[in-house]
Amino acid sequence: MSTTPEALIAELPTGFRWGVATSAYQIEGAVNDDGRTPSIWDTFCQVPGAIDNADTGDVACDHYHRMPADVALIKDLGLDTYRFSVAWPRVQPRGKGPVNPAGIGFYDKLVDELLAQGIDPWVTLYHWDLPQELEDAGGWPVRDTAYRFAEYAMLVFDALKDRVDTWTTLNEPWCSAMLGYAYSMHAPGRREYPAALAAVHHLLLGHGLATSQMREASPRKLEIGITLNVATAYPASDAAPDVDAARRADGMGRRIYLDPLVHGHYPADVVADLAREGVTLPVADGDLEIISSPIDVLGVNYYFSQKFTGYAEDGSTTDADGNPVSRDVPLGKPRTAMDWEIVPEGFTELLLSIHRDYPGLPMVITENGSAFEDVPDADDYVDDTDRTAYFTSHLTAVANAITQGADIRGYLAWSLLDNFEWAYGYAKRFGIVRVNYETQQRTPKASATYLKQLAAQHRAH
Ligand code: PNW
């Protein structure tokens, strides 16, 4: 295992991207500026009890009004790539109609600012802020939303395609579909299992429609992809129920997305599991051809891995509905402030599993990072040795996967700034730069300096 920065860097390919990521609703604030309309997150934040401390994204990091200074921060860190998301309700208020010039204008200026500073812009088209009116019309469980997404994608693409080469259609469709429509932990806060599976399919369809249309309208070679949150699912033991629980978790978390994207069909075992639960994916003729439109890069977001058992606490292997038990159980690792276990070796295994199951698909780590209980000093400086150690162990995990053959072309840390951590509000801090929410002052943490030095050493290598 390589652990020193020198050894780590030696294993990363030349041209490896170093960067940071954010998303619109988590940092921008300015929710009523320049014609923006509410998204499902504005609505969800008003639901009592939905968000810790009743926090909202109304102000967030006020990035909408501080954008040039935030770009200067990235420049100071010497990072070459910035992945940000475009807010659909700014660009196409209410989710329909022509582009809103003031809304797209913000991203136009952001892209110009990044290019002026020598930073490569990486656009995510959808990081969860669906216009509320589209949710009122049914949201992602409704097929039309996929077509609305492709239309919106082309509005953004037409405005920025002359300057942006790298595009992510969707961020983490698992979170949109499952946390949003099955588990009620994210907007829109629904708890409808079959609808959540319809959302999975329509998200993928929207991705495929946007990908093929962007490709067709492109003046040159682009890098288009999708970003998935994926993990290694460990079985708790060799016993068949545990092995099967891990298979189901991997099926619903990883293969249900990657099989249709890469191979053009849903995994047969997952389809059979769903059929047993009375759920059918709403696949129409031709959908899988669209969904498997070639992508150039897979965005991998990794935070943790989990272990699964097929036994309930009382030892039974089926629940009250007769469905097989699936429970995650502790791996026994240290945890972050999110209560997520720290499992860097699961990252290596994950990357190698993608390399094995979907050979030839280049990957970029589009998010990896951790929340810890930061303790600022009187100057707001945080000596976050825990976050730095997380970066070291996970970058080492990436280097180990590369050494074993995986094609991984970059690493974007989550996140540039402390920000609105969805249902956890501002209580959880993932930033490499501290945000003081009273003053909006930004102070780079020790981990920011660490990443800056690694990137510089790698470039000089
Ligand atoms: C990702 N899970 O969300 C998102 O892309 C970011 O916006 C977010 O801030 C970051 O990770 C940290 O949470 C996730 O429950 C949310 O497995 C939940 C899960 C995974 C990723």
Side-chain angles (χ1 to χ4, degrees), residues 19-28 39-41 44-45 50-52 55 57 60-61 63 82-87 122-130 168-187 189 196 203 225-233 249-250 252-254 256-257 298-308 326 328 331 335-343 346-347 350 364-372 387 390-391 394 411-433 435:
V20 274
T22 63
S23 88
Y25 190 70
Q26 293 181 274
I27 64 167
E28 287 179 356
S39 79
I40 55 176
W41 273 93
F44 191 58
C45 286
I51 314 292
D52 284 1
D55 287 339
C61 307
H63 169 74
Y82 177 50
R83 171 176 177 253
F84 61 92
S85 82
V86 173
W122 181 323
V123 171
T124 297
L125 287 162
Y126 183 75
H127 200 126
W128 308 353
D129 41 2
L130 186 72
T168 290
T169 53
L170 306 176
N171 180 70
E172 303 187 348
W174 179 87
C175 288
S176 297
M178 292 305 177
L179 299 181
Y181 292 95
Y183 307 142
S184 194
M185 287 159 68
H186 279 183
L203 283 153
I226 186 169
T227 279
L228 304 176
N229 59 305
V230 273
T232 296
D250 184 55
M252 289 298 290
R254 187 180 71 104
I256 196 175
Y257 301 98
L298 174 68
V300 173
N301 291 358
Y302 181 83
Y303 290 94
F304 59 88
S305 287
Q306 288 175 312
K307 190 160 90 172
F308 292 89
S326 277
D328 65 277
L331 283 156
R335 293 172 187 263
T336 68
M338 296 293 284
D339 215 27
W340 293 344
E341 292 190 276
I342 302 173
V343 196
F347 197 8
L350 166 75
V364 169
I365 311 311
T366 41
E367 290 178 26
N368 176 240
S370 53
F372 286 103
R387 189 174 287 103
Y390 183 98
F391 284 133
H394 287 73
Y411 179 91
L412 314 184
W414 184 269
S415 180
L416 172 65
L417 302 170
D418 291 336
N419 61 47
F420 176 75
E421 180 48 36
W422 307 112
Y424 297 90
Y426 297 98
K428 302 291 182 226
R429 293 174 178 269
F430 276 88
I432 59 170
V433 175
V435 176

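Counting convention: from 1, in listed order, for ligands and their atoms alike.
- Put simply, CD on Gln26 and OG on Ser415 are 6.5 Å apart, with the number rounded to the nearest 0.5 Å.
- Under the salt bridge (charged side-chain N to carboxylate O under 4.0 Å, His left out) criterion, Asp250 pairs with Arg254, Arg255, sequence neighbours left out.
- Ion pairing between a basic and an acidic side chain is recognised when a charged N comes within 4.0 Å of a carboxylate O; Glu367 and Arg83 show such pairing.
- With sequence neighbours left out, Arg429 forms a salt bridge (charged side-chain N to carboxylate O under 4.0 Å, His left out) with Asp418.
- Using a 4.5 Å heavy-atom cutoff, the side chains of Val433 and Leu416 are in contact.
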Report all N/O contacts between ligand 1 and the protein shorter than 3.5 Å as a table of atom names and distances to 0.1 Å; if there are none, say 'none'.
residue, atom, partner, partner atom, Å
ligand 1, 3 (O), Glu172, OE1, 3.1
ligand 1, 5 (O), His127, NE2, 3.3
ligand 1, 5 (O), Asn171, ND2, 2.9
ligand 1, 5 (O), Glu172, OE1, 3.3
ligand 1, 5 (O), Glu172, OE2, 3.3
ligand 1, 5 (O), Glu367, OE1, 2.9
ligand 1, 5 (O), Glu367, OE2, 2.9
ligand 1, 7 (O), Gln26, OE1, 2.7
ligand 1, 7 (O), His127, NE2, 2.8
ligand 1, 7 (O), Trp422, NE1, 2.8
ligand 1, 9 (O), Gln26, NE2, 2.9
ligand 1, 9 (O), Trp414, NE1, 3.2
ligand 1, 9 (O), Glu421, OE1, 2.6
ligand 1, 11 (O), Tyr303, OH, 3.2
ligand 1, 11 (O), Glu367, OE1, 3.4
ligand 1, 13 (O), Glu421, OE2, 2.6

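- Shown here are the ring pair (Phe, Tyr, Trp, His ring centres under 6.0 Å) partners of Trp128, two or more places apart in sequence or in another chain: His186, Trp422.
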